[in-house]
Amino acid sequence: MASHRKPRTRMLTVPAHRRTAAGLTTAALASVTLLTQTADASPRKPAPSIEEVKKKVDGLYRQAEVATQKYNAAKERSATQRDKVDELRDAAAERTQKMNDARRELGTFASAQYRSGGLSPTAQLMLAQDPQQFVDRNHLMKRLTGRQQEAVADYQDQQAQAARKRAQATKGLEELQKSQDSLKTSKQEVQGKLTEARQLLSRLTAQEKERLAELERKKKAEAKRKAEELAREQAEREREQDGGAGGTDGGSGSGSGTGSGSGVPDGSYATKAEKAIAFARAQMGKPYVWGATGPASYDCSGLTQAAWKAAGVSLPRTTWDQVKTGTRVATQDLQPGDLVFFYDDISHVGMYIGDGKMIHAPKPGANVRVESIYYMPIYGNVRPA
């Protein structure tokens, strides 16, 4: 009889080595998954605090100011070198013209002697590849007249001087190229630092920007407090001096800034300082632009240079050179018109106006304004006239 039961399904048999491979593959996948989850769960580097961002941005602005002073110095060198090259070119052209005049005079002698018969020594000199070698032959020089000898000597002198001037002009052009390369490098450095600072600020949220503004307000408030303290000290000393209790204070400086001035400028300085300050006040509200010297915008040293120029005093272009002019004075002895320099690298400068305050061109994005001299660390002070 045929069986009515359903045949049993045959079980597939997997070889042992295949079961082992499958197990290993599953374990490997599980390990990869676990490692991935562990990596995702690992702590990420925390975002910088607002204080750190502010410190970074302030540092970038300061580095940009250093690069700006390098740019200003390179620009000044380039302009000076360009003027020098122009002068050397003019001098070389003048010497070449004199050499050609001397050559023409020699040609006149040569033509006259040729017409009288034969190839004259002067003509031989004109045709020679090396005139100096020809002239060194004394027996030929003796055949020339005194006037001809003078013409030869003049030609050689003009030829030598023209060659020297051309060599100087060539060297001047090489130096000019170096100055222009330095100018380009400094410009790129400034732009790079400012771009980095703007990118840092652009990534802040509205809340973070408000916290940053609060830090700035606290910094200004502390600087204002110190300025008011200095103003009180100066006012007290003036009262003592007016009352005959003080006298002249030699002041070597206390706190930030050092100097050796007496702190009591003469009347002529005060008059000039008033003119310089009046000019600086008239620029308030104009934007800071690195490398600018006015009239529409200024950088820090461009403003102080222009202000004192209005008072009839010529200052160098960079902070590094301005700090070397005039007389050093202590911070406690500051008088209106004095220049206050900041940071160890002397990358910023402002003009003191009294009461612990200054007018300065602060930084990119800001305008010329009045601010406490304690807003930045003071390097030293100078009375420029």
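Here the structure is a predicted model, which means the values were calculated and not measured. In this chain, numbering begins with 1 at the start of the sequence shown.
Put simply, CG on Leu60 and NZ on Lys55 are 12.5 Å apart, with the number rounded to the nearest 0.5 Å. Note: Asp321 CG to Thr318 OG1 = 3.5 Å, rounded to the nearest 0.5 Å. To the nearest 0.5 Å, atoms CG (Asp344) and CD1 (Ile346) are separated by 8.5 Å. Distance check, rounded to the nearest 0.5 Å: CH2 of Trp290 to OH of Tyr61 gives 14.5 Å. The CG atom of Leu201 sits 11.0 Å away from atom CD of Glu196, with the distance rounded to the nearest 0.5 Å. Considering CD of Gln199 and CG of Leu194, their distance stands at 11.0 Å, rounded to 0.5 Å.
When only modelled atom types and interatomic distance are considered, Glu76 and Asn72 share no side-chain donor-acceptor pair under 3.5 Å. Under the 3.5 Å distance criterion, with hydrogens and angles disregarded, no donor-acceptor pair is assigned to the side chains of Ser347 and Gln69.
Panel note: side chain Glu52, backbone Ser49; a donor-acceptor pair is recorded below 3.5 Å. No donor-acceptor pair under 3.5 Å is formed between the side chain of Glu214 and the backbone N or O of Lys209. A distance-only check finds no donor-acceptor pair linking the side chain of Ser372 to the backbone of Lys357 [under 3.5 Å]. For the pair Ser301 (side chain) and Arg317 (backbone), a donor-acceptor distance under 3.5 Å is present. Side-chain atoms of Arg237 come within 3.5 Å of backbone atoms of Gln332 as a donor-acceptor pair (strictly under, hydrogens ignored). In this structure a side-chain-to-backbone donor-acceptor pair under 3.5 Å is present from Glu208 to Thr205. Ser182 contributes no side-chain N or O that, together with a main-chain N or O of Lys178, makes up a donor-acceptor pair within less than 3.5 Å. One N or O on the side chain of Gln322 and one on the backbone of Pro316 form a donor-acceptor pair closer than 3.5 Å. Between the side chain of Asn381 and the backbone N or O of Val329 there is at least one donor-acceptor pair closer than 3.5 Å. Remark: the backbone N or O of Gly356 is paired with a side-chain donor or acceptor of Tyr352 at under 3.5 angstrom.
At a threshold of 4.5 Å between non-hydrogen side-chain atoms, the residues Lys363 and Glu65 do not count as touching. Between His348 and Thr319, the closest side-chain pair of non-hydrogen atoms is not below 4.5 Å. Contact check for Tyr288 versus Asp299: side-chain heavy atoms found under the 4.5 Å cut-off. Between Thr331 and Ile373, some side-chain heavy-atom pair lies under the 4.5 Å cut-off. Counting only heavy atoms from C-beta outward, the side chains of Glu371 and His360 approach each other to under 4.5 Å. Looking only at side-chain heavy atoms (C-beta outward), Phe279 and Ile277 stay at 4.5 Å or farther from each other. Counting heavy atoms from C-beta on, the side chains of Val349 and Cys300 come closer than 4.5 Å. Side chains of Glu189 and Val66 form no contact here, defined as non-hydrogen atoms less than 4.5 Å apart.
Neither Met284 nor Val289 shares a network with the other; the hydrophobic side chains, linked directly or stepwise wherever heavy atoms of I, L, V, M, F, W or Y lie under 4.5 Å apart, form separate groups for each. Linking Ile, Leu, Val, Met, Phe, Trp and Tyr residues whenever their side-chain heavy atoms come within less than 4.5 Å places Val57 and Ile50 in a single cluster.
Ion pairing of Glu174 with Lys171 is absent here, as no side-chain N (NZ or NE/NH1/NH2) approaches a carboxylate O to less than 4.0 Å. Arg62 has no carboxylate O lying under 4.0 Å from a charged side-chain N of Asp58, or vice versa, which leaves the two without a salt bridge.
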Practice task
Please step through salt bridge (charged side-chain N to carboxylate O under 4.0 Å, His left out) for the pair Lys226 and Glu229, ending with a clear verdict.
Solution key: CA-CA 5 Å; Lys226 290 182 178 180; Glu229 182 179 340; over 6 Å; no
Problem - Working for side-chain contact (heavy atoms from CB on, under 4.5 Å), residues Arg232 and Glu236 - result: CA-CA 6 Å; Arg232 286 194 297 271; Glu236 179 62 27; over 6 Å; no
Handout entry: Derivation of the side-chain contact (heavy atoms from CB on, under 4.5 Å) call for Leu334 and Arg383
Key = CA-CA 8 Å; Leu334 281 170; Arg383 186 157 298 150; 5.8 Å; no
Exercise for the section: Verify side-chain hydrogen bond (donor to acceptor under 3.5 Å, both in side chains) between Asn367 and Tyr298, making sure each step is shown before the conclusion. Expected result: CA-CA 9 Å; Asn367 298 330; Tyr298 297 88; over 6 Å; no
Problem - Criterion side-chain contact (heavy atoms from CB on, under 4.5 Å) on Glu216 and Leu212, from CA distance to verdict - result: CA-CA 6 Å; Glu216 185 70 11; Leu212 186 64; over 6 Å; no
Handout entry: Working for side-chain contact (heavy atoms from CB on, under 4.5 Å), residues Thr325 and Leu315
Key = CA-CA 8 Å; Thr325 62; Leu315 292 182; 3.9 Å; yes
Problem - ring-ring contact (aromatic ring centres under 6.0 Å, His included) between Tyr343 and Trp320, intermediate numbers included - result: CA-CA 12 Å; Tyr343 302 112; Trp320 302 323; over 10 Å; no
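Shown here is Lys286, whose NZ atom has more than 12 heavy atoms of other residues, nucleotides or ligands within 6.0 Å. Heavy-atom contacts from other residues, nucleotides or ligands closer than 6.0 Å to NZ of Lys224 number 12 or fewer. Under a cut-off of 6.0 angstrom, the local environment of NZ in Lys275 is sparse, with at most 12 non-hydrogen atoms contributed by other residues, nucleotides or ligands.
Taking both residues in full, the closest heavy atoms of Gly350 and Met358 are given as CA-SD, 3.9 Å, listed atom of the first, atom of the second, then distance.
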